[in-house]
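The chains referred to below are lettered A, B, ... by the order of the sequence lines, with proteins before strands, and numbering in each begins at 1.
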Amino acid sequence: MRWSSAFIPTLRDDPADAEAISHKLLVRAGFMRQLMAGHYSLTPAGFRSLRKIEAIVREEMEKIGAQEFRLPCMHPREIWEKSGRWDSVGEEMFRLRDRKGADLALGMTHEEIFAYHAAELHSYRSLPQIWYQFQTKFRDEARPKSGLLRVREFTMKDSYSLDIDEAGLDAAFDRHLEAYRRIFRRFGFDVVAVEASSGVMGGNQSIEFMLKSDAGEDWVAHCEKCGYAANLEKAESILPEIEDPEGRPAPERFPTPGVKTIEDLARMEGGAEASRQIKTLVYVIDGKTVLILLRGDHSLAEQKLIDQVEAEEMRPAQPEEIRAALGASPGSLGAVGVPDLYVIADEALRGRRDMVTGANEDGFHLRGVEVERDIEVKAWLDLREVTSGEGCPMCRAPLSVHKTIEVGHIFKLGTKYSEAMGALVQDEKGRSVPIVMGSYGIGLDRSLAAIVEAHHDESGICWPVNVAPWEVVVTVVKPKDVECHEAAERLYEKLGEAGIDVLIDDRDERPGVKFKDAELVGFPYRVTVGPKGLGEGVVELLRRADGSKRDLPVAHAAETIVEAVLDERF
RNA sequence: CGGGCCGUGGCGCAGUCUGGUAGCGCGCUUGACUGGGGGUCAAGAGGUCGCGGGUUCAAGUCCCGCCGGCCCGACCA
């Protein structure tokens with residue numbers, strides 16, 4: 001490709017509506033443009049990188065024996081009704097109606113459809129199978145953001161394993177786990193695989209592949225020492241032991257005028273530090289008012305609660321509901337002496353004495369509360385959100401909590417979808433059993449953006465060779481100079497013949513412009529061909545990743561460059 | 001869905017408070033010089049000021065409605 005005839009619309013300034021680094025750089029470097037919120041067009045350069053990402057994923061999927069499909073992205077209502085997700089998914093799914101009035105959905109994922117096809121399997125002998133595809137997915141995100149990181153229309157590789165039993169599922173799951181590790185290594189990612197909450201996917205185990213990044217939206221607790229990692233929706237930690245004083249024989253009411261928050265009470269004379277307070281939250285769970293107790297300085301990890309109580313519906317109570325149930329407003333709530341309400345307490349409160357909590361009367365609190373003596377706790381659960389510095393549950397080393405991008409997610413689904421779609425096979429004893437499924441996803445466009453998040457500097461993108469739109473740019477310093485022009489053309493041809501993805505910058509621009517553009521676009525290697533070097537019989541090879549330069553004799557420059565590129569391709 | 005900010009040549013912005021000739025930088029076109037880090041000079045092209053309505057002699061500017069975008073939150077397989 002010649003830059004003079006390529007469409008690579010680079011921009012000198014950051015686009016005004018971009019915040020995330022990958023968003024800014026992908027737009028500035030001419031890899032994508034926005035059509036509307038959450039929908040982006042990839043330009044030729046962007047699409048080249050995306051295809052490389054896709055090729056890597058395809059290669060690794062084929063390696064584990066997966067077979068590629070192509071499924072429709074428009075689905076009939078009925079199939080989603082069979083799994084119950086027509087109703088359960090809600091506004092997240094794009095729906096439309098055809099001229100006959102039939103309801104349709106734009107697929108946000110394809111469990112139903114693959115299970116539908118899996119119904120053609122009849123014998124355990126045809127299992128196991130791994131089926132996959134690359135397909136556009138649609139999700140009506142409430143708030144698209146950060147360029148390609150959170151969009152409404154995106155490309156995903158999704159695969160589905162079909163097995164006769166749990167053991168088969170475990171094996172397929174492990175193979176995906178390994179394949180994903182290889183894929184992300186080839187993307188240049190340092191991912192952590194974390195246990196996650198499966199949410200409404202159903203199933204019993206799921207692992208997310210998380211890439212540390214400030215542009216991410218998911219919080220992960222990670223132990224550098226032993227490698228423990230978990231989504232904050234699930235992460236656990238060990239707290240330092242607390243020695244409580246003996247306290248009082250019974251709780252004592254005391255006035256706390258104007259105290260509305262944990263902080264107020266901590267600051268107040270005669271109050272108590274946050275870790276000596278009991279925080280009382282009020283939730284409505286399946287219509288029942290429930291009190292959730294946490295230590296004052298701890299936050300509720302709501303997903304933990306959802307995962308453990310198995311409720312249909314759960315929401316924080318409205319202020320009026322709280323008054324009706326407890327007779328006080330938030331700020332003075334407590335669980336002492338409310339035997340008719342269901343009380344769930346966080347494990348960190350177990351055994352605590354001499355605590356302070358609201359008296360269920362505005363402007364008053366209780367001190368000297370001994371949790372197990374004074375509160376009728378119905379259930380003890382781990383509900384606390386882990387914070388940085390707390391002890392790793394495996395090795396006790398301090399945990400670090402940071403933002404991450406979810407680049408892949410794998411689920412053990414079980415039989416939810418196969419049962420719904422009637423995907424049954426006969427086992428070796430002739431019994432009809434539902435196929436045991438797993439589901440495995442990688443967002444390609446999100447990975448593209450994540451690569452930029454992970455590989456860039458002040459000047460632009462630094463593509464790993466594996467996913468670079470072009471591996472080498474030949475920069476012609478002075479195109480009008482015949483010697484310079486010809487030497488560059490010869491090199492360009494040789495590299496092309498050797499199978500290198502090479503772009504020649506033959507534009508009639510000043511060298512500075514070309515250098516800046518090359519850095520912005522992020523070619524892993526730049527070969528500078530100019531009169532100065534040629535005078536000494538050399539061209540200069542610059543490696544984008546570390547800025548290292550070396551002069552190569554013109555005669556075997558091509559070989560050296562080919563070697564350098566192949567060395568980094570894997 | 002709640003809160004905040006913003007829509008003015010391709011990109012980034014000023015102008016809006018206080019109504020009166022649409023402006024700047026970059027980019028683009030043509031020519032010349034220049035040629036190893038966004039160069040210089042000269043001459044140009046390019047704008048229904050997001051859309052609709054209203055007020056006014058006069059609206060980018062004031063009023064009403066709508067649309068679109070970004071950020072925070074809620075939400076999120």
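A:Asp481 comes within 4.0 angstrom of no nucleic acid atom, judged by non-hydrogen atoms across all strands. Across all strands shown, A:Ser146 has heavy atoms under 4.0 Å from sugar-phosphate atoms exclusively, and none from any base. As judged by a 4.0 angstrom heavy-atom cut-off over every strand, A:Ala37 is placed among residues touching the sugar-phosphate backbone only. Heavy atoms of A:Arg152 sit nowhere under 4.0 angstrom from any nucleic acid atom.
Base pairing analysis places B:C28 opposite B:G44; the two distances defining the Watson-Crick or G-U wobble pair are each below 3.5 Å. Checking B:C5 for Watson-Crick or G-U wobble geometry (two distances, each under 3.5 Å) identifies B:G69 as its partner. Nucleotide B:C33 is matched to B:G39 when pairs are restricted to Watson-Crick or G-U wobble geometry with both distances under 3.5 angstrom.
Taking the C1' atom of each, B:G12 and B:C6 are spaced 14 Å apart, rounded to whole Å. B:G35 sits 28 Å from B:G44 when the P atoms are compared, rounded to a whole Å. To the nearest whole angstrom, the two P atoms, one in B:U18 and one in B:C13, are 25 Å apart. Only the P atoms considered, B:U56 is 16 Å distant from B:G19, to the nearest whole Å. Between B:U21 and B:C64, the two P atoms lie 24 Å apart (nearest whole Å). If you take atom P in B:C62 and the same atom in B:G20, they sit 11 Å apart, rounded to whole Å. Atom name P, nucleotides B:U30 and B:G36: the rounded distance is 23 Å, in whole Å. The C1' atoms of B:U34 and B:A42 are separated by 15 Å, rounded to the nearest whole Å.
Partners of A:Glu141 under the salt bridge (charged side-chain N to carboxylate O under 4.0 Å, His left out) rule, at least two apart in sequence or in another chain, are A:Arg150. By the salt bridge (charged side-chain N to carboxylate O under 4.0 Å, His left out) test, A:Arg323 pairs with A:Asp362, sequence neighbours left out.
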Report, as a single string ordered 5' to 3', how protein heavy atoms within less than 4.0 Å touch nucleotides 29-36 of chain B: B base, S sugar-phosphate only, - not at all.
-----BBB
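Each of A:Lys145 and A:Met108 has a nearest nucleotide on RNA chain B; the 5'-most of these lies closest to A:Lys145. Remark on RNA chain B: of its neighbouring residues A:Pro144 and A:Glu112, the 5'-side contact belongs to A:Pro144, judged by nearest-heavy-atom nucleotide.
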Hey, mind stepping through A:Tyr525 and A:Arg543 against side-chain contact (heavy atoms from CB on, under 4.5 Å) and telling me if it holds?
CA-CA 5 Å; A:Tyr525 285 99; A:Arg543 184 162 181 266; 3.3 Å; yes
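Look at A:Arg12 and you won't find any side-chain N or O under 4.0 angstrom from OP1 or OP2 of B:C11.
In this structure, A:Phe523 and A:Trp470 have tilted ring planes: the angle between them lies in the 30° to 60° band.
Cation-pi check for A:Lys157 over A:Phe134 is not met; the charged atom does not lie both under 6.0 angstrom from the ring centroid and within 45 degrees of its normal. In this structure, A:Arg526 is positioned above the aromatic face of A:Phe515, its NZ or CZ under 6.0 Å from the six-membered ring centre and within 45° of the axis. In this structure, A:Arg95 forms no cation-pi arrangement with A:Trp80, as its terminal cationic atom is not both closer than 6.0 Å to the ring centre and no more than 45° off the ring axis.
Below the 3.5 angstrom threshold, one finds no donor paired with an acceptor across the side chain of A:Gln34 and the base of B:G68. The base of B:C75 lies close enough to the side chain of A:Arg150 for a donor and an acceptor atom to sit less than 3.5 Å apart.
Set against B:C11, B:G38, B:C72, the side chain of A:Asp13 has B:C11 as its closest nucleotide. Taking only side-chain atoms of A:Glu519, from C-beta outward, the nucleotide of B:G38, B:C76, B:G37 with the closest atom is B:G37.
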